[in-house]
Amino acid sequence: MATVPGATGWLRGRVKAVPSGDCLVIVGNSKAELPPEKTVTLSSIIAPRLARRGGIDEPFAWESREYLRKLCIGKEVAFKTDYTVASIGREFCSVFLGDKNVAFLVVSEGWAKVREQGQQKGEASPFLAELLRLEEQAKQQGVGRWTKTPGASEAAIRNLPPSAIGDSSNFDAMGLLAANKGSPMQGIVEQVRDGSTVRVYLLPDFQFVQVFVAGIQSPSMGRRGVEPIPEPEVTTDNTNGEASAEGRPALTSAQRLLASTSSSAEVSPDPFGREAKHFTEIRVLNREVRIVLEGVDKFNNLIGSVYYPDGETAKDLALELVENGLAKYVEWSANMMEDEAKRRLKSAELQAKKDRLRMWTNYVPPVTNSKAIRDQNFTGKVVEVVSGDCIIVADDSLPYGSPSAERRVNLSSIRSPKIGNPRRDEKPAPYAREAREFLRTRLIGRQVNVSMEYSRKVGMADGPNPTPVAGSADSRVMDFGTVFLVSPTKGDGEESTPAPSSAVSQGVNIGELVVARGFGTVIRHRDFEERSNYYDALLAAESRAISGKKGMHSAKDPPVMHITDLLTTSAKKAKDFLPFLQRSRRMAAVVEYVLSGHRFKLLIPKETCTIAFSLSGVRCPGRDELFSDEAIALMRRKILQRDVEIEVETVDRTGTFLGSLWESKTNVAVTLLEAGLAKIQTSFGIDRITDGLLLTRAEQSAKQQKLKIWENYAEGQEPVNGSTPENSKKEVLKVVVTEVLDGGRFYVQTVSDQRVAAIQQQLAALSILEAPVIGAFNPKKGDLVLAQFSADNSWNRAMIVNGPRGAVESLKDSFEVFYIDYGNQETVPYSQLRPMDPSVSAAPGLAQLCSLAFIKVPTLEEDFGHEAAEYLSQCTLNSSKELRAMVEERDTSGGKSKGQGTGTVLIVTLVDVETSSSINAAMLQEGLARLERRKRWDTRERKSAIDNLEEHQNKAKEARLNIWQYGDVQSDEEDSAPPARKPAGRR
């Protein structure tokens, strides 16, 4: 209680309850969960007594209590103890509401009489004289209990029906529910049993009932070991205002509590039980509330929602308790409520658990496969619709053509029918094609805002929104988010309710649109799983779809579509379809898949078939050639899943149809040629190709600008009649060397590889957390992690090479890591490791292992090995030094996986771009390498390359440089003959 400034002995507090017309319960203004409280009686006045259970009011008792309740409840007052009557344990006080004496107001309105006894003992109010004057005035005016109206006193006695509490055998709970189901009932809370149970007078009949708050349960207030001593019925007004029965003084609440604690059978309140009870009392005790009955349990108890006023609004007591961590959601009574109310309670409980409020302080969430994704919002265009709940978006913030520029987004918290897999003979589930087509027609090529929300580890065999598979080795991490269509056209949002305020500016929620049309269902997440930020809107959309019998919820049979797949049939059957496809000069098609830059899988709706289609007279680089990926990326953005037009000219021997293809009246072959990502095949006959003149002009334009495949083009050096000059087929890469292993082996990054900048940008955008908690993150050999490079403290992608055996015990435990984008290794402590975010783990390592062609260099263990490595480092290790690597051959003996010397090794001739000098030749001329021995099975090209290098080796020999200082070097036996075959049948 706060002391009144400038006055001795005065305290401040807020009125919590008004038990009668002359009694107040005041709580202190402390911010504690359980502030101190005091029950006080107004000095020197006596109000009519209210009836206890089964009794009868004194006349005007209810009106007197109501006057004081409405006057003081919830308001701040100042009070001072005038005297105490020890025999009954009561304090009698003067109470002020603002600058008004509350006793003056009560007496002047005629709701209490003044008691003059006890003055000699000092048991009187200091304002007694004024109270007597006001009482006399009230009598003269005939107000309140002093009314002179005949029969008014009798009419002011309430006719109380039998209480429904304690003995419910005669109480018709079902009848009350039937008469008032769904309709708010007015009431006044007279008692709070615990945080989620209240006892209420239902107005205007004063039916006294106990109501269990629907959908929740607060911690128990325990159980007393003995029956509480019933309060005696009040019969007369006594000196000092105390009640008596058979000559015994009434017991105070403190005395009753003391009596109950004497029993060893008492059960203490649950943790936060008292806090929950106080929380409810402060808000509803002696307040007017609205009760909406929801149901009746098997014990004839009423279950209902309780709403209390808070300014101009009404608040839901259940929701307030749950939000503050003072009640938990209970399914059995929540099932009596409407779905929207249930969702609010479940959502509130989930948030309270996350925040670990009060009763959830020590809550340990169950293990889930989901993990929140923070700050990963981006804008882009939809490139592909995989299924009704999965799309691929080209991120506008990442470089065009970068493999990581296209991001797969699974729609949060919804599941659409599986599209199936023809390779595994899996047919699409009912409505799967319709769901995908619904999204395709609305999203392809359209701008969207994506808000990434969580990732989840799922089984590989499951669909885009599968049930999580805990502990499965055959699993992958999938990213989930909410997608908003930025500029919806008319009809795009027809099935969607107005978006939440946070989403209004972002556009139409695509997940909500899919569910509302009946093409998806909402996932019922486990209690603590991450979910869509718009989960309630998704559930509401699902309810509308079910009630409207849309899509999957329809009673009709699902549509059936039989499509002939000519890609998996014989070439003969494909040729049989040629007359049908040539029948119409141009026909509509949908691009289902981009197989390469010039070859596609098309759906022909009119003929209900899918075909392999190739652009006639135009060829893009093959899968293993430069610019192949860029050609595919361009076509994915331009035509994938778009409505196009085609002209079929013929079909080849493999069953692939040849012809021309237009998207939005633009010939796609022209687009490829203008970008420098395709060449005209002159052998096909340019005069036979539709728009042949446009194709020729497009190719000539790309040549003049030296775009992509024409970057080394020189006028007049084109092959004649299809002949190819020597070395023109060799792959040439622009590279920088990132790490030198020894004099002959090194790692490079490709200069034109746009993934480098994309991954660096993604790493820079990550929010690196504090050192991981030991035990929560246990990297093992082969795991991909983020590691902090010691030289510049930057964070990079790395693979664990070696680490401590068993569990990590200290932040100083060391791990040997391999940086997969640079090729170098180092040992770092556990404190400098972090789990790798799924957004940066998908792209393969950028470091490519290479070896110098045609020469043998000493290893680090051999003489002059260190000198060779140092010389190669001087020639190559400079971040700005651009080199040209001509790939002579590929060594695939290391397997498929890249990193730590495994995977394909490129055997190259390395050329300094500035000086146009060969580093292979320089190593020979410095006497730090020797030529590989000629072999009788060498190709003409290989022999020619060795001949050209021999003069450089001869110069080192003559000068007796390094390895030649003692004359000729002994040749290796393994160079003198081809490897022997193993005899058949032997291991």
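One is the number of the first residue; the rest follow in order along the sequence.
The closest donor-acceptor contact from the side chain of Glu932 to the backbone of Lys856 lies at 3.5 Å or more, if one exists at all. Side-chain atoms of Thr568 come within 3.5 Å of backbone N or O of Asp565 as a donor-acceptor pair. Glu699 places no side-chain N or O within donor-acceptor distance of the main-chain N or O of Glu674, the cut-off being under 3.5 Å. Proximity of a side-chain donor or acceptor of Asn920 to a complementary backbone N or O of Ala853 within less than 3.5 Å is detected. In this structure, Ser628 contributes its side chain and Gly622 its backbone to a donor-acceptor pair below 3.5 Å. Put simply, the side chain of Arg797 gets close to the backbone of Pro844: a donor and an acceptor are under 3.5 Å apart. Side-chain atoms of Gln953 come within 3.5 Å of backbone N or O of Leu931 as a donor-acceptor pair. Although no hydrogens or angles enter the test, the distance criterion places no donor-acceptor pair under 3.5 Å between the side chain of His598 and the main chain of Arg619. For the pair Ser873 (side chain) and Ala869 (backbone), a donor-acceptor distance under 3.5 Å is present. Of the possible polar contacts, none joining the Glu826 side chain to the Glu816 backbone as a donor-acceptor pair under 3.5 Å is found.
Residues Glu888 and Thr909 have side chains that bring a donor and an acceptor to within less than 3.5 angstrom of each other. A donor-acceptor pair shorter than 3.5 Å can be found between the side chains of Arg407 and Gln376. In this model, no donor atom of one side chain and acceptor atom of the other lie less than 3.5 Å apart for Asp652 and Thr650. The closest side-chain donor-acceptor pair between Gln700 and Thr696, if any, does not fall under 3.5 angstrom.
Between Ile759 and Asp821 the shortest side-chain heavy-atom distance falls below 4.5 Å. In this structure, the side chains of Leu658 and Val651 stay at 4.5 Å or more apart for every pair of heavy atoms. Using a 4.5 Å heavy-atom threshold, the side chains of Thr610 and Lys601 count as touching. Side-chain contact between Leu906 and Gln848: present, with at least one pair of heavy atoms (C-beta onward) separated by less than 4.5 Å. Two residues are said to be in side-chain contact when any heavy atoms from C-beta on lie closer than 4.5 Å; Val751 and Leu883 fail this criterion. Annotation: side chain of Asn802 is not in contact with side chain of Phe815 (no heavy-atom distance under 4.5 Å). By the 4.5 Å heavy-atom criterion applied to side chains, Val590 and Val644 are not counted as neighbours. The closest side-chain heavy-atom distance from Met923 to Ile855 is below 4.5 Å.
To the nearest 0.5 Å, the span separating CZ on Phe746 from SG on Cys875 amounts to 11.0 Å. Annotation: the span from Glu406 atom CD to Asp395 atom CG amounts to 10.5 Å, rounded to 0.5 Å. In this structure, CG in Asn948 is found 8.0 Å from NE2 in His952, a value given to the nearest 0.5 Å. Within the model, atoms CG of Leu695 and NZ of Lys679 stand 16.0 Å from one another, a figure rounded to the nearest 0.5 Å. Annotation: the span from Ile919 atom CD1 to Leu852 atom CG amounts to 7.5 Å, rounded to 0.5 Å. To the nearest 0.5 Å, the span separating CG on Leu615 from CG on Leu673 amounts to 9.0 Å.
Minimum interatomic distance between Leu741 and Gly823 (heavy atoms only, all atoms of both residues): CD2-O, 4.4 Å. Heavy-atom minimum distance, Trp964 versus Ala929: NE1-O, 4.2 Å. When all heavy atoms of Ala921 and Leu949 are compared, the closest pair comes out as CB-CD2, 3.8 Å. Listed here is the closest heavy atom pair of Glu630 and Leu677: O-CD1, 3.8 Å. Considering all non-hydrogen atoms of both residues, Gly676 and Lys708 come closest at O-CB, 2.9 Å. Nearest approach of Arg408 to Ile392, heavy atoms of both residues: NH2-CD1, 4.1 Å.
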TODO: Just do the side-chain contact (heavy atoms from CB on, under 4.5 Å) check on Leu928 and Glu867 with the steps written out, would you?
DONE: CA-CA 7 Å; Leu928 294 172; Glu867 289 83 349; 4.0 Å; yes
TODO: For Leu733 and Leu626, run side-chain contact (heavy atoms from CB on, under 4.5 Å): C-alpha distance rounded to whole Å, both residues' side-chain angles, the deciding distance at 0.1 Å, then the answer.
DONE: CA-CA 9 Å; Leu733 306 173; Leu626 277 177; 3.8 Å; yes
TODO: Could you walk me through whether Phe613 and Leu661 pass side-chain contact (heavy atoms from CB on, under 4.5 Å), step by step?
DONE: CA-CA 9 Å; Phe613 182 86; Leu661 184 149; 3.9 Å; yes
- [ ] In sequence, state the C-alpha distance, the side-chain angles, and the governing distance for Leu763 and Leu786, and then conclude on side-chain contact (heavy atoms from CB on, under 4.5 Å).
- [x] CA-CA 9 Å; Leu763 288 172; Leu786 291 179; 3.6 Å; yes
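Contact check on Arg890 versus Glu731 returns a salt bridge, with a Lys/Arg side-chain nitrogen under 4.0 Å from an Asp/Glu carboxylate oxygen. Classification of Glu711 and Lys706 as a salt-bridged pair fails, no side-chain N sitting under 4.0 Å from a carboxylate O. Ionic pairing of Glu663 and Lys638 is not present here: no N-O contact between side-chain nitrogen and carboxylate oxygen is shorter than 4.0 angstrom.
At most 12 heavy atoms of other shown residues, nucleotides or ligands fall within 6.0 angstrom of atom NZ in Lys381. Heavy atoms from other residues, nucleotides or ligands lying under 6.0 Å from NZ of Lys734 number 12 at most.
Close placement of the Tyr819 and Phe789 rings is indicated, their centers lying within 6.0 Å of each other.
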